[in-house]
Amino acid sequence: MANLLLIESPGKVKKLGQILGAGWVIKASMGHVRELANDGEDALGFDLGAGTIDCRYQPRDDRAKKVLADLRQAVKAADCVYIATDPDREGETIGWHLQQALNLKHPRRVVYSEITSQAVRAAIAHPRTLDQSLVAAGRARDCLDKLVGYRGSRHVVWPLNNGAKSMGRVQSATLHLLCLRERAIQAFVPQDYWSVWVTYSEGFKASYRSSPKPQRPPAKAAEDRGAENESERVTNQERADQLVAIAQTHPHQVLHIEGKQTSQSPPAPFVTSTLQQAAGSKLHFSPEHTMKVAQALYEKGHITYMRTDSITLSAPFCESVRQYLEQHDPTNLPRKTTRHRAIKGSQAAHEAIRPTDVNHLPQHLQRELSAEQARLYELIWNRAVASQSAPARLRKTRIVTQSGDAYWEARGQVLEFAGYTRYWNNLSADSALPALTQGQPLQLEQAQADAKQTQPPPRYSEPNLVKLMEQKGIGRPSTYAPTIKTLRQREYVDLLQGKLQPTALGLELDGALEKLLPDLIQPEFTAQMETALDAIATGDQEWQAYLIDWNRGYFAPAIAQAKSQLLSLPSFAEQSPTPGAMPSERSSVTRAKPNGQPTKTKCPTCGEAMTKLPSRSKKMKAKHFLKCSGPGCGTVMFWHAKAKRYELPQAQRQALNSEVFTDHPCPGCGALLERYAYTKDGQDKVMLRCSLLENRRGKCKEVAFFQSRGEFWSPKFGTLKLPTPSP
């Protein structure tokens, strides 16, 4: 018998097999194997009790079922089981699910942040138990995200009837940032201004200043970052013409010269967000693609784990870089090991992203890696080495000249010692100024005023949005790329010329959420939830108590208030309620838009007729969807072109399958009967009951059909025969 090592990705199997050798069996879970079931109220898969949370988990899909079956056989044949899922909260949670699904009594948890012989063998030699605090944080995140996403989507987003399919805790806060910027762009009113400058025969250009005193370079808003030496903004043409005339009619001389040597510290090594930003700007990779390529490098053993917010480097690696510099670039060796300031709010669970061996030079791996992998590895290698190199030294020069009562300024910069910039150049190009003396007369060559207009703030690129998400505390390293991908898939955002622009649907949804759930979409509010998850991960907060209190104190009342406010939105006020209608009837009337058409399709949830409503989503080829007309239901269905039928959203479609729901209506309310599995006297049994939770507690309380000899029988409603479900 052998030791069994459980990992997430099959891409690691070959490398780990080479490291561990004979006597080991390595199996991959293919990522997550279980998820919250899509049952219960709002298909959450868990019940929020008074003091505890009852979670029901199921295999993610058919592949997960096969994986679990294979792993169970491997467990039976193993002497000892090691869990080596990824070294973060998500990996710890996956490890816990494997323990639960495979009934592992005492699995050994091993953690390594690089797939090298030394790191893996050291982890195997020092196993630990699963960190229940990290597991709690992972489970809390899953429940929190599903609570917000499912309940918010069902009760707030779907009733908007505009084609929007979902909202989410991180997703909606990120969309709000994009929409805030888009509204600022739409509201922007350009202002005219003039930039006044002179050039001298001595070989340099100077820009207008109202005072000879040192000032920050003006006009450095986001739209003008390239204009380092632009003049102070002159707001009317008359003054601009006057300054040009002064320059042309008065002699010029050097008033003041400043020269100072400064040092520029090296940048920190990569974390997830900065890697995505650098790969976006230098390699034109999307955040999602960056992580895909980095994953391949990690699995091949070339870099450390790529989902991290820690800028820490291990002492052995820092020493190896010092040895490399001493041998190949001795003038760039700093006197002591460089330390970088940690990112505020970072978990710092493990190292920054770096090469596993500094002596594996990028040019040495060209044949082993694909072109994209080689380019990203070179970026990571250069940044890691730069972070441990000496500071760069620059000489900065400032020259102030005068003509009449006008002052002109020129700034120059010369790199005197390259330092870390030999590996990572983040400095602007040199701009050398001529050697001049104070009081020296100058020969004017040209004076000019350029008419310009202020520009609106720019839209965010994907890398810039990742940077903003990190700054605002929205999400964590593993969520940046998937969040942006979801926003694009939902067609809330388009990528146009490398910039993210909210669609009309995205702006409309954000505007509605701003009225209905204003707190939830604020970055600060989402960041507070991330802080709470951090406290759970460190064992300072009990996860079930936090989630129950958060739901009771904020979310449940917020959803209730949002539902009451839905009727006041313009889209719901277009049609006045029917006079004399009951409250539930008025709700159903105002929910339906004037151009909704009744259909013969029955709601799979409550049996009422579905209404056809138009959609603005470009993704929906049918340009419409169906919504239940029944009071208080809200079920929606979308047209599936290949299958040529209407289907529920993915989450509800998974729940409403033939293994759970029957084709028979509940005799109490007309909703579908569902199969319910339970155990009695040690035997597995199945009964049929009403599929609506709220009705099972009320008018359908006595609806219960018990299985007996291939039939289902109820003491109140008699015998019910069901066909055997097809495989």
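Because the structure is predicted, anything quoted here is derived from the model rather than measured.
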Looking only at heavy atoms, the pair that brings Val111 and Pro87 closest together is CG1-CB, 3.4 Å
What one should report as the nearest heavy-atom pair of Ile399 and Pro434 is CD1-O, 4.3 Å
Below 4.5 Å, heavy atoms only, C-beta onward: do Thr272 and Glu470 meet side chain to side chain? no
Minimum heavy-atom separation for Ala173 to Thr526, with atom names? CB-OG1, 3.4 Å
Quick check for you: to the nearest 0.5 Å, what is the distance between Arg393 atom CZ and Thr262 atom OG1? 11.0 Å
So CD of Gln253 and CD of Gln440: to nearest 0.5 Å the spacing works out to 10.0 Å
Please answer whether the main-chain N or O of Gly17 pairs with a side-chain N or O of Trp24 as donor and acceptor at a distance below 3.5 Å. no
So, Trp424 versus Phe270, ring centres under 6.0 angstrom or not? yes
Over all atoms of both residues, closest heavy-atom pair of Gly91 and Glu8: CA-OE2, 3.5 Å
Steps toward side chain to side chain contact (heavy atoms under 4.5 Å, CB included) verdict (Leu415, Leu394): CA-CA 4 Å; Leu415 184 65; Leu394 304 96; 4.1 Å; yes
Going through the checks in order, is the salt bridge (Lys or Arg N to Asp or Glu O under 4.0 Å) test met by Glu445 and Lys205? CA-CA 10 Å; Glu445 193 172 73; Lys205 177 181 178 180; over 6 Å; no
Do we see a donor-acceptor contact under 3.5 Å between the side chains of Ser207 and Arg411? no
Answer yes or no: is there an ion pair linking Arg395 with Asp430, defined by an N-O contact shorter than 4.0 Å? no
Do the rings of Tyr200 and Phe204 sit parallel, tilted or perpendicular, given the 30° and 60° boundaries? tilted
Under the 3.5 angstrom rule, does the side chain of Glu351 hit a backbone N or O of Ser314 as a donor-acceptor pair? yes
Check for a donor-acceptor pair, side chain of Gln277 on one end and backbone N or O of Ser273 on the other, with a separation under 3.5 Å. yes
Can you measure from CD (Gln171) to CG (Leu487) and round to the nearest 0.5 angstrom? 5.5 Å
Does any part of the side chain of Tyr112, heavy atoms only, come nearer than 4.5 Å to the side chain of Leu16, both counted from C-beta? yes
Let me see the working for Ile380 and Met306 under side chain to side chain contact (heavy atoms under 4.5 Å, CB included), right down to the final yes or no. CA-CA 10 Å; Ile380 294 169; Met306 62 285 159; over 6 Å; no
Closest heavy-atom pair and its distance - Arg181, Pro458: NH1-O, 2.5 Å
Side chains of Phe317 and Thr356: does their closest heavy-atom pair fall under 4.5 Å? no
Give me each pair satisfying salt bridge (charged side-chain N to carboxylate O under 4.0 Å, His left out) with a member in residues 363-375, each pair once, sequence neighbours excluded. none
Just so I know, are the side chains of Arg476 and Arg307 near enough to count as touching, which here means a heavy-atom distance under 4.5 Å? no
Is there a side-chain contact between Val466 and Ile484, using heavy atoms and a 4.5 Å cut-off? yes
Under 3.5 Å donor-acceptor, Thr304 side chain and Arg354 backbone: yes
Check whether more than 12 heavy atoms from other residues, nucleotides or ligands sit under 6.0 Å from atom CD of Gln363, and answer yes or no. yes
So do Ile474 and Leu177 actually touch side chain to side chain, heavy atoms under 4.5 Å? yes
Those residues at least two apart in sequence (or on a different chain) that pass side-chain hydrogen bond (donor to acceptor under 3.5 Å, both in side chains) with Lys485 are Glu288
Taking atom NZ of Lys499 as the centre, does the number of heavy atoms from other residues, nucleotides or ligands within less than 6.0 Å exceed 12? yes
To the nearest 0.5 Å, what is the distance between CG on Asn382 and CG on Asn425? 11.0 Å
More than 12 heavy atoms of other groups within 6.0 Å of Gln471 CD: yes
For a quick test of your reading: what N or O donor-acceptor pairs under 3.5 Å do the side chains of residues 325-335 make, sequence neighbours left out?
residue : atom : partner : partner atom : Å
His328  : ND1  : Tyr324  : O            : 3.1
Asp329  : OD1  : Arg422  : NH1          : 2.6
Asp329  : OD2  : Asn332  : ND2          : 3.1
Asp329  : OD2  : Arg422  : NH1          : 3.4
Asp329  : OD2  : Tyr423  : OH           : 2.7
Thr331  : OG1  : Arg422  : NH1          : 3.3
Asn332  : OD1  : Ala390  : N            : 3.1
Asn332  : ND2  : Gly419  : O            : 2.8

Are Lys260 and Arg398 close enough that some pair of their side-chain heavy atoms sits under 4.5 Å apart? no
Please report the shortest heavy-atom distance between Leu361 and Val358, naming the atom on each side. CD2-O, 3.5 Å
If you round to the nearest 0.5 Å, how far is CD of Gln366 from OH of Tyr377? 11.0 Å
Interatomic distance, OG@Ser387 vs OH@Tyr420, rounded to 0.5 Å, equals 11.5 Å
Would you find more than 12 non-hydrogen atoms of other residues, nucleotides or ligands less than 6.0 Å from His364 atom NE2? yes
Contacts of Tyr305 that satisfy ring pair (Phe, Tyr, Trp, His ring centres under 6.0 Å) - sequence neighbours left out: Tyr298, His350
List for me each residue that meets ring pair (Phe, Tyr, Trp, His ring centres under 6.0 Å) alongside Trp543, sequence neighbours excluded, and say none if there are none. none
Below 4.5 Å, heavy atoms only, C-beta onward: do Arg209 and Val400 meet side chain to side chain? no
Taking atom types as modelled, find out whether Gln528 and Glu524 have a side-chain donor-acceptor pair closer than 3.5 angstrom. no
For Trp197, the ring pair (Phe, Tyr, Trp, His ring centres under 6.0 Å) test, sequence neighbours excluded, returns none
Is the shortest distance from a Lys or Arg side-chain nitrogen in Arg141 or Glu92 to a carboxylate oxygen in the other one below 4.0 Å? no
Derivation of the side chain to side chain contact (heavy atoms under 4.5 Å, CB included) call for Leu376 and Ile303: CA-CA 10 Å; Leu376 189 64; Ile303 65 170; over 6 Å; no
Determine whether a donor-acceptor pair (N or O, by modelled atom type, separation under 3.5 Å) exists between the side chain of Gln276 and the backbone of Thr290. no
So, Arg109 side chain and Thr85 main chain: donor-acceptor pair closer than 3.5 Å or not? yes
Candidate pair Thr483 and Thr486, rule side chain to side chain contact (heavy atoms under 4.5 Å, CB included), full reasoning: CA-CA 5 Å; Thr483 298; Thr486 298; 5.8 Å; no
